[in-house]
Amino acid sequence: MPVARVLVESSLPHLDRLFDYGVPEALDESAKPGVRVKVKFNGQDLNGFIMERVAESDAGHTLVPLAKVVSPVPVLTPAVRELVSSVAARYAGTVSDVLRVAVPPRVARLEKEFASAEPEGPAVPDQAEPREATALQAGPAQDALPSAWAAYHNGQAFLQHLAGGGSPRAVLNPLQGFGPGGWPQLLAEAVAAAYASGRGAVVVVPDYRDLDRLEEALHCLLPEDAVARLTADDGPTPRYRSFLRLLAGTARVAIGTRSAAFAPVKDLGLVACWDDGDDLHIEQRAPYAHAREVLLLRAGQEDAACLLAGHSRSTEAQRLVEAGWARAVEAGRPDVRRTAPRIVNTADSFEQERDPLARIARLPGAAWRAAKEGLERGPVLVQVARAGYAPSLACEMCREPARCGSCQGPLAVAGASGTSAMPQCRWCSTPAPDWHCVHCGGRRLRKGATGVIRTAEELGRAFPGKTVVTSSGDQVKAEVGPGKALVVATVGAEPVADGGYAAALLLDGDSLLRRETLRAGEDTVRRWFNAAALVRPAADGGLVVVTAADTAAVGALLRWDPAGYAERELSLRMELQLPPAVRLASVTGPRAAVEHYTGAVSAELASSGITLRTAGPAPVVLSGPPSPRRSAEDVRTLLFFPYGQAASVTRVLRVTRAAAAAKRSSEPFQLRLDGIDVL
């Protein structure tokens, strides 16, 4: 096999293909498929990966030899090679961009520790046709099956099927977020069942706090050296060491954040994702792949079991359940009533009669009483929508939002210095000591919103002598003790209390629900359930007070019915033909470039009998400062297409983009598929 087919590391779409290079005799033994190499390309030395060795080349010219084998370790296994190609095709991106996420940066000295190992990628089975999910059948009898799943319908059958070597697919909604029986134990028991069947597992979680809890639960059930932790937060050396352990087969279980979805686990038996609705699962670089979708592709390609778990249920997971691809694993209503806290809404008719001002007060009387009584029994959680002190300022006279004179960004007060603090721009950090309103000429500012620091300050005055703990921004706390304290946290930064919270106050609910995004309700429900799951059961005095209008989202929390809300939300999306009922592509950039690209795509698809539903081009509202890649004059066009046509549409999107890049016929633009923040 004297020819090496190399994928050159380049984000240019028209270079997203394999190039043939000759293999010198000196490199013949080390130039294996999957190794890193350095090649000459257009007069430059570029890095790349050998994807395969072949006997002949169809290039039609003398091949340039490989310049160097950077590392003899085949870091790209056959299974991961197939996966990255599928992810690039699904998101109309380049394979090189996906590889940047899938394979961590090299640390040369660590490879000497694994020099004696001969890692070989797991065999990739032929991809079968999608099958309907049948009733979960129990596998061979197991002597000591875990018991935490016994409280859930289909839970025990899922574990038995998994431990027996099967590949069941399930969507799980755990009830409790702390202590024994919480979600870390449930996921750890599922991984242990796959491990007992002689197979490996991959589990992806949103952040390091969830990762620490999962790792602790796994170490109680599995040997410590069987688990490898993959996250960029640990630094390049520990991350690459864990990657090599998985590659060599000394570790069979990979846990980590979004990039762990590509971990080279041998004999993969289970892929799992915790809280798949969290936007931390979305890669922030092109092609912006979602870890959930990567795991779904991997489960299909390697015939592995799949588990999507979360206190709430995303509409994407609900679509899988309704399509029959996965089974719902839920607790019965008696177990829900036994485990869930009591929920009170300050906007219902009963509370309105007792406190007529509850609808407009940020801390209604019911919430104040819940905090006062809860502090007698333990810690109390206060969830707020925004970080900082006063994250939004407005003119006191005309109520127009206060804007920076340099970049037109929003003004805010970051510190806890009260009204004497200097307002500054949230985008460019420019102070505004002499601000004046361009609409009415006023010079006095008022708070448009209250942040976590201001909330903690006010609660400290309302409950003198009580400890107040804040968790937000870059000061997020993972855990708090069982002591009597007020824990004020932004959404998503709630620490876990030892023994659970005595009460929780979910403030700023209307602000969360009023956000101008399609997923405002879904995301708010997810954040409410994640916080409420940290509270003790109602039988132990656990109480959750939510301050929001009486909407369907509040009703789902009151009934503790995440599946019902997801079903309702998905039915509305299907009626309106909005994601995830259909797929979405967004094209953002200069108007001429966007119109040229979308016109070429529509013409190519029309020749195949496919007509896209489009919206735009429309001006893009910037959520941050302008940059070389983001201009205030940029426009966006949305393309909607059904799943049945997705393969054809994404292929045309990809090919047309590569052709435009090769010809340099337009200015650069951004192509993004299934972006959850676009609508």
Requested in this report: Give the minimum heavy-atom separation between Pro579 and Leu518, together with the two atoms involved.
Outcome: O-CD2, 3.9 Å
**Report entry** Lys/Arg-Asp/Glu bridge criterion (N-O < 4.0 Å) met for Arg377, Glu373
**Finding:** no
Requested in this report: Find out whether Tyr152 and Glu330 are in side-chain contact, i.e. whether some heavy atom of one side chain is under 4.5 Å from a heavy atom of the other.
Outcome: no
**Report entry** Ring geometry between Phe529 and Trp560 (parallel below 30°, tilted from 30 to 60°, perpendicular above 60°)
**Finding:** perpendicular
Requested in this report: To the nearest 0.5 Å, tell me how far Arg313 CZ sits from Arg319 CZ.
Outcome: 14.0 Å
**Report entry** Side-chain donor/acceptor of Asp561 to backbone N/O of Gly564, under 3.5 Å
**Finding:** yes
Query raised in the report: If you measure from the Lys or Arg side-chain nitrogens to the Asp or Glu carboxylate oxygens, is any gap between Arg454 and Glu458 under 4.0 Å?
Result: yes
Requested in this report: Determine yes or no for a side-chain-to-main-chain donor-acceptor pair under 3.5 angstrom, with Asn345 supplying the side chain and Ala347 the backbone.
Outcome: yes
Query raised in the report: Can you check whether Arg568's main-chain N or O pairs, donor with acceptor, with Ser571's side chain at less than 3.5 Å?
Result: yes
Query raised in the report: Looking at side-chain heavy atoms only, is the closest gap between Leu295 and Val202 below 4.5 Å?
Result: yes
Query raised in the report: If you measure from CH2 on Trp274 to CH2 on Trp183, what distance do you get to the nearest 0.5 Å?
Result: 6.0 Å
Query raised in the report: Would you say Arg527's side chain and Thr524's backbone share a donor-acceptor pair under 3.5 angstrom?
Result: no
Query - Non-hydrogen atoms of Thr547 and Leu507 that approach each other most closely - result: OG1-CA, 3.3 Å
Query raised in the report: Is a side-chain donor-acceptor pair under 3.5 Å present for Arg636 with Ser586?
Result: no
Query raised in the report: Asp275 and Asn530: side chain to side chain contact (heavy atoms under 4.5 Å, CB included), yes or no, with the steps?
Result: CA-CA 9 Å; Asp275 199 9; Asn530 286 349; 3.2 Å; yes
Query raised in the report: Roughly how far, to the nearest 0.5 Å, is the CG atom of Leu214 from the CZ atom of Arg229?
Result: 10.0 Å
Query raised in the report: Below 4.5 Å, heavy atoms only, C-beta onward: do Asp335 and Arg338 meet side chain to side chain?
Result: yes
Query - Donor-acceptor contact present, side-chain Gln284 to main-chain Ile282, <3.5 Å - result: yes
Report task. State which residues pass side-chain contact (heavy atoms from CB on, under 4.5 Å) with Ala489; sequence neighbours excluded, sorted by chain then number. Result -> Leu381, Ser471, Glu494, Pro495
Query raised in the report: Is the Trp528-Tyr565 ring centre distance short of 6.0 angstrom?
Result: no
Requested in this report: Work out which heavy atom in Val554 is nearest to a heavy atom in Ala548; give both atom names and the distance.
Outcome: CG2-CB, 4.0 Å
Query raised in the report: Do you know which two heavy atoms are closest between Leu512 and Ala385, and how far apart they sit?
Result: CD2-CB, 3.9 Å
Query raised in the report: When you check the gap from the basic side-chain N to the acidic O, do Arg519 and Asp677 get nearer than 4.0 Å?
Result: no
**Report entry** Any Pro410 side-chain heavy atom under 4.5 Å of Cys404 side chain
**Finding:** no
In a table with atom names and distances, give each donor-acceptor pair under 3.5 Å that connects a side chain of residues 477-485 to protein atoms at least two apart or in another chain.
residue	atom	partner	partner atom	Å
Lys477	NZ	Thr470	O	3.0
Lys484	NZ	Glu376	O	3.4

Query - Check against side chain to side chain contact (heavy atoms under 4.5 Å, CB included), Asp674 and Tyr288 - result: CA-CA 9 Å; Asp674 302 322; Tyr288 312 101; over 6 Å; no
Query - Verdict with reasoning, Glu522 to Arg573, per side chain to side chain contact (heavy atoms under 4.5 Å, CB included) - result: CA-CA 12 Å; Glu522 179 183 346; Arg573 308 273 185 88; 2.9 Å; yes
Report task. May I ask you to decide whether Arg213 forms a salt bridge with Asp210, counting only side-chain N to carboxylate O separations under 4.0 Å? Result -> no
Requested in this report: Output yes when a side-chain donor or acceptor of Asn154 lies under 3.5 Å from a complementary backbone atom of Ala328, and no otherwise.
Outcome: yes
Report summary line: So CG of Leu187 and CD1 of Ile255: to nearest 0.5 Å the spacing works out to 10.5 Å
Query raised in the report: Hey, is the main chain of Val204 close enough, under 3.5 Å, to the side chain of Thr257 for a donor-acceptor pair?
Result: no
Query - Min side-chain heavy-atom separation Leu505-Gln383 under 4.5 Å - result: no
**Report entry** pair Cys437-Cys398: side-chain heavy atoms closer than 4.5 Å
**Finding:** yes
Query raised in the report: Hey, does Val545 have a side-chain heavy atom less than 4.5 Å from the side chain of Thr346?
Result: yes
Query raised in the report: Between Arg444 and Glu396, is there a salt bridge with N-O shorter than 4.0 Å?
Result: yes
Report task. To the nearest 0.5 angstrom, please state how far the CZ atom of Arg258 sits from the CD atom of Glu283. Result -> 4.5 Å
Query raised in the report: Atom CZ of Arg369 and atom CG of Leu543: how far apart are they, to the nearest 0.5 Å?
Result: 10.5 Å
Requested in this report: Tell me, with the steps shown, if Val525 and His311 meet side chain to side chain contact (heavy atoms under 4.5 Å, CB included).
Outcome: CA-CA 10 Å; Val525 167; His311 293 305; over 6 Å; no
Requested in this report: Look only at the side chain of Arg536 and the backbone of Gly500, and say whether a donor-acceptor pair between them is shorter than 3.5 Å.
Outcome: yes
**Report entry** Backbone N/O of Gly555 and side chain of Arg559: donor-acceptor pair under 3.5 Å
**Finding:** yes
Query raised in the report: Do Val546 and Val344 have side chains that get closer than 4.5 Å, going by heavy atoms?
Result: no
**Report entry** Exercise: identify the closest heavy-atom pair between Asn173 and Gly310
**Finding:** ND2-O, 2.9 Å
Query raised in the report: When you measure from the side chain of Trp149 to the backbone N and O of Leu186, does any donor-acceptor pair fall under 3.5 Å?
Result: yes
Query raised in the report: Taking all atoms of both residues into account, what is the closest heavy-atom pair of Met397 and Gly442, and its distance?
Result: SD-CA, 3.8 Å
**Report entry** Side-chain H-bond candidate by donor/acceptor type, Ser314 with Asp276, under 3.5 Å
**Finding:** yes
